[in-house]
Amino acid sequence: MSVRQGDNRKSLFFAHIVPKIWKRWGKAWLGAVCFLSCTCGDFLFAQQEGNQLTQFMLNTYSYNAGYAGLSNGLCVSALHRQQWLGWGRGSGEKKVAPNSTILLADMPLKILKGGVGLEVASFNAAYFRDMHVKIGYAYHLQTSFGTIGMGVRAQLESKGLDFSKFDPENASDRILTGNEKENGLYGDVSIGFYLSGNANYFVGVAANNLVAHKSEKISYKPTRYLAINGGYSFGFRSLPKVVFTPTAYLETDFSTISWSLAMMGTFNKRFWAGLSYRFQDAVSILAGMNVAKLKIGVSYDITASRLIKASSIGGAFEIMVKYCFGLEGEKVNTEYKNARYL
């Protein structure tokens, strides 16, 4: 197919087919979203059960086991997120602002016709300390329209509460002063499906915490939740060095819903910047750059909730460092035809 034929097909699609789809279904969907946003505010909120990340489009394996190995090389990344710095009373170790650190790694394994992935993460909020390790495998199915990753992941998580950091008004309160630390350990399983399409689009669906086994020691039960993400990369002839990538993330436990939307622009395959919105929580600014095989990304959340008044910085910071390299002489695909290569 010639370039002109391809352009004609694209013109036909956007000029005739898209308006028909919008006329039939677009207004109905837009009305439904507006209705839910306005009337169900108490039920739709942006508190993610999984890792709450502004740079969700750059850390897909964190919430979808099917993504393992789809980077076509060994990729290792580290991300740190600090929320509401300065929030809460006290000083030093008494600070209660949430923060999380995540280490991710994934790579393809031809001998297994798929890829493997690993995640090690810690999350601290107030006097709670959580850590988990996730190990997964994804089978890669090659199709005429793209590659489908079908993954399963095992998880081991530790949840703990440090009573020694409490500052009770009543020093004789045995509930708050009778123990130093309590910890609970449990395992879980997640599955995920991820499609990396040939036409510069991607979409994923994952079911996480399927076992949701309750830890009796700390009276905690994880929530089963569904994570859906997707996006598309495109450009304009008038801006040949810029690639635009809108992405979306939705998470639900079927009683509450959280969703995020982002738009990224990449210049000359080296620099990127964009905006993101997390429903009823924050508007975010994202930026990053490539230095050889090293990718560095940062983001800042402008908190939209009332918690902004309790924080000295009024938002949340994220910083990510990612390094990818080919295996057995293979070259990692770093072109921005898909947001998963950012």
Could you check whether [Y] and [X] have their ring centres less than 6.0 Å apart?
X: Trp272; Y: Phe244; answer: no
X: Tyr139; Y: Tyr137; answer: no
X: Tyr61; Y: Tyr63; answer: no

Could you check whether the rings of Tyr277 and Phe279 sit parallel, tilted or perpendicular, using 30° and 60° as the cut-offs?
perpendicular
Rounded distance (nearest 0.5 Å) linking atom [atom1] of [X] with atom [atom2] of [Y]:
X: Met263; Y: Thr245; atom1: CE; atom2: OG1; answer: 8.0 Å
X: Leu79; Y: Asn59; atom1: CG; atom2: CG; answer: 5.5 Å
X: Thr266; Y: Phe271; atom1: OG1; atom2: CZ; answer: 11.5 Å
X: Asn209; Y: Asp253; atom1: CG; atom2: CG; answer: 10.5 Å
X: Tyr249; Y: Met57; atom1: OH; atom2: CE; answer: 12.0 Å
X: Met320; Y: Leu58; atom1: CE; atom2: CG; answer: 5.0 Å

Close side-chain approach of [X] to [Y], heavy-atom, < 4.5 Å:
X: Arg129; Y: Met131; value: no
X: Tyr194; Y: Asn229; value: yes
X: Ile228; Y: Trp259; value: no

Would the distance check show the side chain of [X] and the main-chain N or O of [Y] forming a donor-acceptor pair, the cut-off being under 3.5 Å?
X: His140; Y: Thr147; value: no
X: Gln83; Y: Ala316; value: no
X: Asp188; Y: Val211; value: yes
X: Ser71; Y: Gly73; value: no
X: Gln55; Y: Leu286; value: no

Say whether [X] and [Y] are linked into one hydrophobic cluster, either directly or through other cluster members, by side-chain heavy-atom distances under 4.5 angstrom.
X: Ile191; Y: Leu195; answer: yes
X: Tyr67; Y: Val133; answer: no
X: Tyr323; Y: Met107; answer: yes
X: Val120; Y: Leu53; answer: no
X: Phe325; Y: Met289; answer: yes

Distance-minimising heavy-atom pair for [X] and [Y]:
X: Thr252; Y: Thr256; value: OG1-O, 2.8 Å
X: Ala105; Y: Val76; value: CB-CG2, 4.2 Å
X: Ala68; Y: Ala138; value: O-CB, 3.7 Å
X: Asn208; Y: Arg153; value: OD1-NH2, 3.5 Å
X: Asn198; Y: Gly146; value: ND2-N, 3.3 Å
X: Asn64; Y: Val205; value: ND2-N, 3.4 Å

Decide side chain to side chain contact (heavy atoms under 4.5 Å, CB included) for Ile102 and Glu119; before the verdict, give the C-alpha distance in whole Å, the side-chain angles of both, and the deciding distance to 0.1 Å.
CA-CA 7 Å; Ile102 303 172; Glu119 176 183 348; 3.8 Å; yes
Tyr186 vs Glu157, side chain to side chain donor-acceptor pair (under 3.5 Å): CA-CA, chis, key distance, verdict
CA-CA 6 Å; Tyr186 69 92; Glu157 181 157 353; 3.0 Å; yes
Is it true that Arg81 and Asp301 make a salt bridge, defined as a side-chain N closer than 4.0 Å to a carboxylate O?
yes
